[in-house]
Amino acid sequence: MSAASKITVDGDGSLSVPDHVTIPSVEGDGVGPDIWKASRAVFDAAVKKIYGGKRAVNWLETFAGEKAFKETGQWLPDATIESIRDYRVAIKGPLGTPIGGGIRSLNVAMRQFLDLYACVRPVRYYEGVPSPLRHPERVNMIIYRENTEDVYAGIEVRADSEEARELAQFIERRLGKSLVHGSAIGIKPMSKFASKRLMKMAMQHALQMKCPNVTIMHKGNIMKFTEGGFREWAYEEAQESFAGKFITEEELTKTGKSPSDFPGELIVKDRIADNMFQQIQTRPAEYSVIATTNLNGDYLSDALAAMVGGLGLAPGGNIGAGIALFEATHGTAPKYAGQDKVNPCSLVLSGKMMFDYLGWQEVGTAIDKAVEKTLADRIVTYDLAREMEGAKEVSCSAFGQELIKRL
């Protein structure tokens with residue numbers, strides 16, 4: 001590929017995107033080929049509709065998962081990681097986890113190899129989609145989930161192993177804590193460095209998009225030094241990098257005033273994780289940007305998706321310093337593979353995020369509006385049709401064509 005088609009990063013960290021850009025794509029396992037085919041058609045049509053040929057995407061197929069294993073004997077070839085690192089922005093379908101030894105999760109491995117430290121998951125409601133909430137239209141949040149640490153670091157030892165016995169002895173000797181004999185042991189690392197850079201990205205987004213608040217979600221009341229450390233470091237980053245640009249909820253409480261008394265002011269607050277799960281259901285309008293740890297963010301993003309129609313409508317991106325990988329957030333659903341049946345919206349809307357990230361917001365907006373119009377017309381795939389009265393059920397590829405009609 002020509003170097004002229006590659007994205008570069010300027011001195012200030014911003015992207016320089018050529019008009020004819022090359023973007024690596026991984027179709028994924030299971031239903032991945034179905035949703036990628038439908039999504040790519042939407043992406044190409046949207047770019048052509050908006051720019052009339054002045055801009056275009058050259059898709060560079062890149063291998064991971066089952067297709068990579070068949071081609072190379074590796075589940076995640078080094079060439080795939082290097083391609084994404086070289087071209088800086090990529091998109092992928094869902095990947096299965098190899099059975100047996102080796103890589104625990106291809107998705108986690110890609111995030112860690114590329115240092116994609118923020119998992120970004122926007123969640124919003126589309127009119128007409130079935131929801132368990134009385135007022136799902138009040139849900140409009142974006143989760144910034146730390147992507148590289150916590151229990152996902154994969155530091156575990158098997159029960160009854162020699163390593164487990166040695167660790168248990170060390171813990172008892174140095175920390176005075178006794179473990180049940182024969183326990184498996186996992187380690188939960190969290191650092192000031194990773195916590196602060198995640199909070200910085202969340203704050204930058206909130207200020208740029210004029211969001212009303214940022215909430216730090218943690219379980220620091222129990223895990224004082226890990227989850228509690230995350231809370232402490234997040235507030236520290238806010239004060240160090242954004243002083244004068246926000247007010248804390250604690251400061252608000254001292255004044256005896258409410259957020260409505262500070263129109264346009266960014267408010268930073270924190271919530272205990274279990275309370276947060278109640279809050280997103282009972283008071284969703286009070287939350288905009290959420291910065292949280294890896295495991296908490298995994299739970300929360302899927303729970304929020306369930307409130308607005310499920311993972312079939314949930315986009316996601318993994319973002320680092322000048323590099324990003326956008327992806328469908330659901331699994332491979334192998335029993336539906338090749339049936340042209342599943343909802344492609346998770347990948348379509350991840351593409352919307354990708355175009356926004358490239359600075360091609362007109363394309364992202366067109367895609368989002370097409371999804372909105374198609375769902376409002378009650379044209380849906382099977383996952384939503386079974387919950388909606390009077391809906392017209394269509395295939396994955398047909399749904400993509402319906403989106404193209406409404407661009």
Side-chain angles (χ1 to χ4, degrees), residues 23-46 59-71 75-76 80 84 90-99 103 105-111 119 121 123 126 129-130 298 301-302 305-306 308-318 325-354 367 370-371 374-375 379-388 391-404:
I23 296 179
S25 62
V26 178
E27 66 178 16
D29 299 330
V31 298
D34 288 347
I35 63 172
W36 170 244
K37 184 178 179 181
S39 299
R40 175 177 172 169
V42 174
F43 301 153
D44 289 340
W59 303 105
L60 175 64
E61 185 175 13
T62 309
F63 299 103
E66 294 174 4
K67 196 168 184 178
F69 190 75
K70 290 176 183 177
E71 294 280 340
W75 293 99
L76 184 57
T80 296
I84 296 171
I91 189 167
K92 74 175 190 67
L95 292 173
T97 299
I99 296 173
I103 297 173
S105 165
L106 294 174
N107 295 316
V108 172
M110 293 177 85
R111 295 166 190 170
C119 180
R121 293 278 296 271
V123 184
Y126 290 92
V129 173
D298 195 0
S301 53
D302 282 10
V308 295
L311 286 175
L313 290 171
N318 301 283
L325 174 62
F326 298 88
E327 63 181 358
T329 60
H330 53 72
T332 59
K335 72 176 182 178
Y336 294 121
Q339 295 183 29
D340 192 26
K341 185 172 184 177
V342 299
N343 189 345
C345 276
S346 178
L347 190 57
V348 168
L349 291 171
S350 296
K352 179 257 193 252
M353 289 180 67
M354 181 188 72
I367 291 171
V371 171
T374 305
L375 295 176
I379 299 173
V380 294
T381 45
Y382 85 99
D383 56 317
L384 297 178
R386 60 190 175 183
E387 305 290 339
M388 295 170 65
K392 177 184 177 182
E393 181 178 337
V394 297
S395 67
C396 174
S397 57
F399 186 84
Q401 292 302 309
E402 294 291 340
L403 294 178
I404 292 170

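Between the side chains of Asp383 and Thr381, at least one donor-acceptor pair of N or O atoms lies under 3.5 Å. Under the 3.5 Å distance criterion, with hydrogens and angles disregarded, a donor-acceptor pair is assigned to the side chains of Asn318 and Glu327.
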**Val123 and Ser301: CA distance, side-chain angles, deciding distance, side chain to side chain contact (heavy atoms under 4.5 Å, CB included) verdict** = CA-CA 8 Å; Val123 184; Ser301 53; 5.8 Å; no
**Message:** Evaluate Arg121 against Asp302 for side chain to side chain contact (heavy atoms under 4.5 Å, CB included), listing each step before the verdict.
**Reply:** CA-CA 9 Å; Arg121 293 278 296 271; Asp302 282 10; 3.3 Å; yes
**Request:** Kindly determine whether Leu375 and Leu313 satisfy side chain to side chain contact (heavy atoms under 4.5 Å, CB included), including the steps that lead there.
**Result:** CA-CA 11 Å; Leu375 295 176; Leu313 290 171; 4.0 Å; yes
**Item:** Pair Leu403-Val348, side chain to side chain contact (heavy atoms under 4.5 Å, CB included): steps then yes or no
**Value:** CA-CA 10 Å; Leu403 294 178; Val348 168; 4.0 Å; yes
**Prompt:** After noting the C-alpha distance and the side-chain angles of Asp340 and Lys37, does the key distance pass the salt bridge (Lys or Arg N to Asp or Glu O under 4.0 Å) rule?
**Reply:** CA-CA 10 Å; Asp340 192 26; Lys37 184 178 179 181; over 6 Å; no
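Between Met388 atom CE and Ile379 atom CD1 the span is 10.0 Å, to the nearest 0.5 Å. Here the straight-line distance linking atom CG of Asn343 with atom OG of Ser395 works out to 11.5 Å at 0.5 Å rounding. With rounding to the nearest 0.5 angstrom, the SG atom of Cys396 is 5.5 Å from the CG atom of Asp34. Expressed to the nearest 0.5 Å, how far OG of Ser350 lies from NZ of Lys92 amounts to 9.5 Å. Rounding to the nearest 0.5 Å gives a distance of 10.0 Å between CD1 of Ile91 and CE of Met353.
In this structure, the side chain of Ser346 engages the main chain of Ala314 through a donor-acceptor pair within 3.5 Å. Between the side chain of Thr80 and the main chain of Phe63, a donor-acceptor pair closer than 3.5 Å is present. Using modelled atom types, no side-chain atom of Thr332 and backbone atom of Leu95 make a donor-acceptor pair closer than 3.5 Å. Asp29 places a side-chain N or O within 3.5 Å of a backbone atom of Glu66 that can act as its donor or acceptor partner. Under a 3.5 Å cut-off, the side chain of Thr62 and the backbone N or O of Leu60 do form a donor-acceptor pair.
The closest side-chain heavy-atom distance from Glu387 to Val380 is not below 4.5 Å. By the 4.5 Å heavy-atom criterion applied to side chains, Phe43 and Ile367 are counted as neighbours. Here the side chains of Phe399 and Pro344 are in contact, with some heavy-atom distance below 4.5 Å. By the 4.5 Å heavy-atom criterion applied to side chains, Leu384 and Glu393 are not counted as neighbours. By the 4.5 Å heavy-atom criterion applied to side chains, Tyr126 and Val308 are not counted as neighbours.
Residue Pro94 forms a side chain to side chain contact (heavy atoms under 4.5 Å, CB included) with just one option from Thr329, Ile35, Asn107, and that option is Ile35.
Annotation: salt bridge (Lys or Arg N to Asp or Glu O under 4.0 Å) contacts of Asp298 (sequence neighbours excluded): Arg145. The salt bridge (Lys or Arg N to Asp or Glu O under 4.0 Å) test applied to Lys67 returns Glu27, Glu61, not counting sequence neighbours. With sequence neighbours left out, the salt bridge (Lys or Arg N to Asp or Glu O under 4.0 Å) criterion links Glu402 to Lys405, Arg406.
Nearest heavy-atom pair, Gly400 versus Val42, reported as atom, atom and distance to 0.1 Å: O-CG2, 3.6 Å. The two residues Ile23 and Ala90 have their closest heavy-atom pair at CG2-CA, 3.9 Å.
A cation-pi contact, defined as under 6.0 Å to the ring centre and within 45° of the axis, links Lys341 to Tyr382.
Note on ring orientation: taking the six-membered ring where Trp is involved, the planes of Trp59 and Trp36 are perpendicular (angle over 60°, cut-offs 30° and 60°).
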